[in-house]
Amino acid sequence: MKIATWNINGVKARIDGLTRWLGEAEPDVVCLQEIKSVDEAFPAEAIERLGYNVATHGQKGFNGVALLSKRPLEDITCRLPGDDDDAHSRWIEATVSTDTGAVRVASLYLPNGNPVDTDKFPYKLAWMDRMLAHAQELLATDEPIVLAGDYNVIPEPKDARFPDRWVDDALFQPESRSRHRALVNLGYTDAQRAVSRDEGIYTFWDYQAGAWQKNNGIRIDHLMLSPAAADRLSGVNVEKQTRGWEKPSDHVPVVVTLDV
DNA sequence: ATGCCGTTTCGTAAACGA
């Protein structure tokens, strides 16, 4: 089973690239972030025509997450527990069953947190604490778990082409990185790092200042696997070619292959 | 470097992003 995550930066602006990529890569499950659409305006038909079921958790203007799956999406839940006043649409999870088992998949869009000296940064950290609590609860189930999305965290210096430029950024703060490590310490495996410790693996290149042309990238889109899911991991691929397409997202898809 | 670029919105400038 191929499970992908992709921050598409506006699903309506990206529908041609999205359908092209679905046809070429043929993922079984796709976790989308930053759909920037309300549920009613999500271009579901174009995606359903390619054989996908669609579940969305959108909001007007920004944020918004979605799940696409060739097999039915079961037990769909939206929102991250722990703060009923949090109105941002940043979490959707569902179960996908196969002939040999089932996997619980979440599409998450972790808050950016910039600028660090504003309320946005403590919101990010509190959101990460809620995510850690929920991730721990999920481990009590027998199903393999995949927490996939835009984490807005650069885990290590080697996950940035120019780490020195990120030291004042919320994505690279010690508080952000330590919470990401806490997810690992709970037992979740960074799928990319399970297959390669290489530097130079990036998933985001800014639109500005020729970042793509200069390969000034960062690795912030992650698929975190529970022990049961990590046991089934057989491959990871960064779909870098999409960044060179016309009207690209600034993020590219990351795909894991699980023997499920 | 208050810059760059791109998407969205009861738009035509501002919010948000990373």
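Below, chain A is the first sequence line, B the second, and so on; all start at residue 1. Just so you know, these numbers use all the heavy atoms, side chains as well, and skip hydrogens, waters and symmetry mates.
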Under-4.0 Å side-chain N/O to phosphate OP1/OP2 contact, [X] with [N]:
X	N	answer
A:Lys36	B:dG17	no
A:Asn112	B:dA18	yes
A:Tyr109	B:dA18	yes

Quiz item: Can you tell which of B:dT8, B:dA18, B:dC10 lies closest to the side chain of A:Asp206?
Solution: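 Closest nucleotide to the A:Asp206 side chain: B:dA18.
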So what does [X] touch, heavy atoms closer than 4.0 Å: a base, only the sugar-phosphate, or nothing?
X	result
A:Asn7	sugar-phosphate
A:Arg243	nothing
A:Asn9	sugar-phosphate
A:His251	sugar-phosphate
A:Asp221	nothing

Between [Y] and [X], do the side chains contain a donor N or O and an acceptor N or O under 3.5 Å apart?
X	Y	answer
A:Asn215	A:Trp205	yes
A:Ser89	A:Asn63	no
A:Asn112	A:Lys124	no

Exercise. Pick out which of A:Tyr109, A:Trp21, A:Phe204 makes a ring-ring contact (aromatic ring centres under 6.0 Å, His included) with A:Trp6.
Key: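 Exactly one candidate clears the test, A:Trp21.
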Looking only at atom [atom1], what distance separates [N] and [M], rounded to whole Å?
N	M	atom1	answer
B:dC10	B:dG6	P	23 Å
B:dT2	B:dA13	P	23 Å
B:dA15	B:dC4	P	15 Å
B:dA14	B:dG3	P	13 Å
B:dT7	B:dA18	C1'	14 Å
B:dC16	B:dG11	C1'	15 Å

Self-check item: Strand partner of B:dA18, provided both Watson-Crick or wobble distances fall under 3.5 Å
Solution: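 Paired with B:dA18, as far as the under-3.5 Å criterion goes, is no nucleotide at all.
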Quiz item: Backbone N or O of A:Gly58 within a donor-acceptor pair of the A:Thr56 side chain at under 3.5 Å?
Solution: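 Side chain of A:Thr56 to backbone of A:Gly58: no pair is present.
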